[in-house]
**Q** 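This is the structure, below, for whatever I ask next.
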Number of protein chains: 2
Amino acid sequence: MSNLSARSEDYLKAIFKLQEEKKVVRVKDLAQCLDVRSPTVVGVISGLKESGLVDQEHYGYISLTSEGDALARSLVQNEDILRSFFEEVFSLDSEEAGLNACNIEHYITPTCRERLVSFIKFLEICGRGSPKWLGHFRHFVLTGEPPPCDRCSEILPVDEKACEKD
Amino acid sequence: MSNLSARSEDYLKAIFKLQEEKKVVRVKDLAQCLDVRSPTVVGVISGLKESGLVDQEHYGYISLTSEGDALARSLVQNEDILRSFFEEVFSLDSEEAGLNACNIEHYITPTCRERLVSFIKFLEICGRGSPKWLGHFRHFVLTGEPPPCDRCSEILPVDEKACEKD
DNA sequence: TAACAAAAATAGGCGAGGCTAACAATGTCC
DNA sequence: GGACATTGTTAGCCTCGCCTATTTTTGTTA
């Protein structure tokens with residue numbers, strides 16, 4: 001995808017996010033954010049500098065090159081798509097959705113990503129973000145009770161209508 | 001999850017799968033399957049032996065201990081769940097679904113896995129594997145045309161019924 | 001401005017998971 | 001049973017991403 005290791009992508013994403021919220025990014029911030037020690041950051045950053053994705057002057061702040069920014073932005077975007085999916089469809093809480101999204105983001109193929117986007121868009125179109133069947137699924141997850149559409153598709157048109165109201 | 005690196009999990013899964021189809025597993029088979037050289041396999045396997053997950057006598061065949069077998073089975077099962085999801089819900093072709101599943105399997109949290117299982121079960125219950133909305137989604141993915149349920153939920157009960165027939 | 005605190009960089013080490021080249025064991029076939 | 005091909009192992013090296021200990025630079029403050 002990006003020719004970078006998963007870990008380097010993590011560093012790039014972290015820089016991007018920190019830049020948004022803090023304006024300047026220091027080695028120390030990154031270390032804290034990624035839960036590693038400063039020398040580790042220095043090492044990885046030096047690789048990203050060589051790849052032309054990151055700028056930093058000696059003992060100075062860290063920033064993304066335009067190339068690095070574009071890449072980081074797309075990675076973060078992928079992560080956001082995944083998080084939305086996990087939150088909205090799978091009803092994971094924000095933290096767990098984020099964890100899954102962050103870890104998985106490196107590995108999904110472009111088509112898979114595209115399908116995720118489509119799926120979320122589909123939800124929007126077909127039920128303003130939450131079509132009926134999704135409510136049924138959430139109910140199923142929480143209670144284990146089979147969804148009402150079960151009955152619908154087995155019995156009468158009358159009941160189908162009832163289900164739709166559900 | 002398993003306290004093992006993602007890569008070690010790959011080796012374990014590969015042994016499990018090869019064992020199913022070939023009965024005996026050799027270093028060479030694993031090397032081919034994982035696209036690495038024999039010495040690499042020997043190195044990783046030696047770690048798995050120390051962890052008590054794999055058995056092998058000197059210059060002999062490789063097999064899973066009962067512990068290794070149990071672990072590998074659960075990993076492969078997770079992978080299968082993901083593949084089903086990608087194939088059935090996202091309409092990815094078999095190969096791409098497998099690729100995503102294999103790469104992602106290491107990273108999903110237990111709750112996320114559970115939701116995947118629930119989701120697939122939900123599809124089974126609510127439409128014998130393929131409820132109407134899923135057909136609509138597939139159509140949406142292929143053509144970009146908005147799903148009919150869009151119209152349904154905006155207009156009249158009569159049309160709702162029409163949608164259900166769709 | 002000199003001293004000290006904070007942050008970044010360097011030096012050097014470690015384990016995982018790759019590799020090649022060389023060597024050892026095993027199996028097969030005349 | 002000896003020769004040779006196949007396969008597994010060992011040795012030794014590399015990169016990545018992590019670490020601790022130490023040094024260098026920068027910033028602050030008396």
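Computed from a predicted model, the values in this text were never measured in an experiment. Proteins get letters first, then strands, A, B, ... in listed order; numbering begins at 1 in each.
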**Q** Would you kindly say whether B/Thr65 and B/Asp55 are connected by a side-chain donor-acceptor distance under 3.5 Å?
**A** no
**Q** Check A/Phe119 against A/Val89 and note the closest heavy-atom contact, atom names and distance.
**A** CE2-CG2, 3.8 Å
**Q** Output the rounded distance in Å from CG (B/Asp29) to C1' (D/dT7).
**A** 11 Å
**Q** I need the CD1-P distance between A/Ile45 and D/dG17, as an integer number of Å.
**A** 11 Å
**Q** Could you tell me the separation between the CZ atom of B/Arg26 and the P atom of C/dG27, rounded to a whole number of Å?
**A** 11 Å
**Q** Between protein and nucleotides 11-17 of chain C, what N or O pairs are separated by less than 3.5 Å?
**A**
unit_1, atom_1, unit_2, atom_2, d
C/dG17, OP1, B/Ser5, OG, 2.2

**Q** Among the nucleotides D/dC19, C/dA9, C/dA24, which one has an atom lying closest to any side-chain atom of B/Tyr59?
**A** C/dA24
**Q** Can A/Glu79 and A/Lys17 be counted as an ion pair, charged N to O under 4.0 angstrom?
**A** yes
**Q** Starting at the 5' end of DNA chain D and moving along, which residue's nearest nucleotide shows up first, B/Gly43 or A/Asp35?
**A** B/Gly43
**Q** Expressed as a whole number of angstroms, how long is the span from A/Leu4:CG to D/dT15:P?
**A** 17 Å
**Q** Between A/Leu48 and A/Leu64, is there a side-chain heavy-atom distance shorter than 4.5 Å?
**A** no
**Q** So, do B/Leu116 and B/Ile108 sit near enough that their side-chain heavy atoms are less than 4.5 Å apart?
**A** yes
**Q** Please verify the inter-ring angle class for B/Tyr107 with A/Tyr107; under 30° counts as parallel, over 60° as perpendicular, anything in between as tilted.
**A** parallel
**Q** Check the distance between C/dA25's P and B/Tyr61's OH and give it to me in whole angstrom.
**A** 18 Å
**Q** Return the value, rounded to whole Å, for the distance between atom CG of A/Leu48 and atom C1' of D/dC16.
**A** 12 Å
**Q** Can you tell me the distance, in whole Å, between the CD atom of B/Gln56 and the P atom of D/dT7?
**A** 15 Å
**Q** Quickly work out the B/His58 NE2 to C/dC23 P distance and round it to whole Å.
**A** 17 Å
